Amino acid sequence: MASIHLKNIVKRFGAFVGVEHMSLDIEDEEFLVLLGPSGCGKTTTMRMIAGLEEPSEGEIVIGGEVVNGVDARDRDVAMVFQGYALYPNMTIYENIRFPLRMRRIPAEEHDRRIRQAADMVELGAFLDRKPGALSGGQRQRAALARAVVRQPQVFLMDEPLSNLDAKLRASMRVQIKHMQRHLKVTTVYVTHDQIEAMTLADRIVIMNRGAIQQVGTPDEIYSDPENTFVAGFIGSPPMNLIEGRAEKGRFTAQGIAAPCPAGLSGAVTLGVRPEDCHVGGDHVQGQVYGVEPTGDVTYLTVAAGGRHIEVKAARGFRSGIDLPIGIGFDTGRLYYFGEDGRRIHDPV
Ligand code: ATP
């Protein structure tokens with residue numbers, strides 16, 4: 001068990017900067033999720049913690065020890081990566097056993113630990129098979145079992161659920177979180193799926209173009225986004241971001257008007273989440289563009305002033321398209337951002 005510290009990490013690939021001056025303190029026993037779009041530097045960060053990639057600058061400390069230059073095998077980390085290979089000639093049982101042999105764990109403990117790890121990922125009935133006789137999702141779960149069978153200082157997981165179908169992914173999510181709480185192993189988990197990040201993490205690190213955008217608990221990231229990138233990345237559908245002008249306590253854009261802090265003036269962006277919009281009201285005057293019932297909620301898209309506003313409407317809401325509609329905002333939950341995209345906090 002260990003804390004991890006990234007101190008001013010830079011990773012260059014030739015002239016390209018993959019990770020840019022990243023500093024991060026990951027607490028002992030924490031479940032930390034790196035979240036961001038494809039190419040933002042998540043995997044590179046993970047590979048540097050694992051020891052598969054050396055930082056161009058900066059220091060990595062695991063469990064109080066500077067690990068720059070320490071071989072991946074000598075860092076006490078267990079990894080589950082996308083497409084992480086199992087040994088094809090070994091049974092799943094032997095694959096899961098492998099790290100126990102490598103670490104010279106007493107043989108009498110092996111069977112119990114292997115079966116416990118396999119049961120956790122629902123592979124107890126497949127231990128005699130070889131990887132070639134398993135589905136992609138089953139192989140991914142076998143790799144997960146192999147990582148958890150010993151108790152390392154750190155778990156590193158890079159999209160470990162990406163090959164699973166939606167139902168299995170949801171159940172594995174709960175199992176991984178339960179397992180991590182139980183084993184209390186510091187975990188760094190990479191995903192581009194915001195639901196996975198929100199549901200698993202103690203804290204989320206949102207990255208874009210090699211740089212940290214915000215670090216916070218899922219509640220903080222959702223309720224207090226620092227900039228339009230974070231605001232637009234979290235939520236399903238994400239926050240509506242509407243460019244307009246603020247003047248004398250009033251925000252206006254074509255087809256849209258809402259209250260804003262009296263001190264705001266000039267070009268600003270209004271942010272409002274679809275769940276904080278409701279049918280009826282006059283903050284948006286537009287036309288129905290699309291109605292998508294999902295059972296528990298109806299997604300409504302409203303066209304106003306040449307843009308689309310997403311609304312989570314009541315489950316029973318139905319409408320034909322192109323009809324005029326008014327939308328109200330929950331005015332206690334409006335966000336404002338400046339021209340640089342940064343959140344404007346409580347202006348006076
Ligand atoms: P994804 O979700 O698609 O896996 P990611 O956030 O994990 O994306 P990284 O794999 O960390 O992204 O890559 C970050 C950036 O660094 C990308 O633009 C990538 O093309 C670049 N990059 C990664 N590895 C190398 C390399 N060995 N040589 C050159 N560029 C690289």
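What you are looking at is a predicted structure, and each value in this text was computed from that prediction instead of being measured. Counting starts at 1 for both ligands and their atoms, in listed order.
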Measure from atom 4 (O) of ligand 1 to every heavy atom in Thr43, Val17, Val19 and give the option owning the shortest one.
-> Thr43
N/O to N/O below 3.5 Å, does that happen between Gly39 and ligand 1?
-> yes
What about Thr45: any of its N or O atoms under 3.5 Å from an N or O on ligand 1?
-> no
Partner set under side-chain contact (heavy atoms from CB on, under 4.5 Å) for Arg250, not counting sequence neighbours = Thr252, Ala257
If you measure only the distance, is there a donor-acceptor pair under 3.5 Å linking the side chains of Thr301 and Glu310?
-> yes
Any donor-acceptor N or O pair under 3.5 Å, side chains His192, Glu159 | yes
Between His192 and ligand 1, which residue portion shows a heavy-atom distance shorter than 4.0 Å: side chain, backbone, both, or neither?
-> neither
Atoms in ligand 1 with a heavy atom of [X] nearer than 4.0 Å:
X: Cys40; value: 5 (P), 6 (O), 12 (O)
X: Phe16; value: 15 (C), 16 (O), 18 (O), 21 (C)
X: Pro37; value: 6 (O)

Could you note down all residue pairs passing salt bridge (Lys or Arg N to Asp or Glu O under 4.0 Å) where residues 280-294 supplies at least one of them, sequence neighbours left out?
-> none
Side-chain donor or acceptor of Asp202 paired with backbone N/O of Glu30 under 3.5 Å | no
Measure up the Tyr87 and Phe98 rings against each other and bin them: parallel (under 30°), tilted (30 to 60°), perpendicular (over 60°).
-> tilted
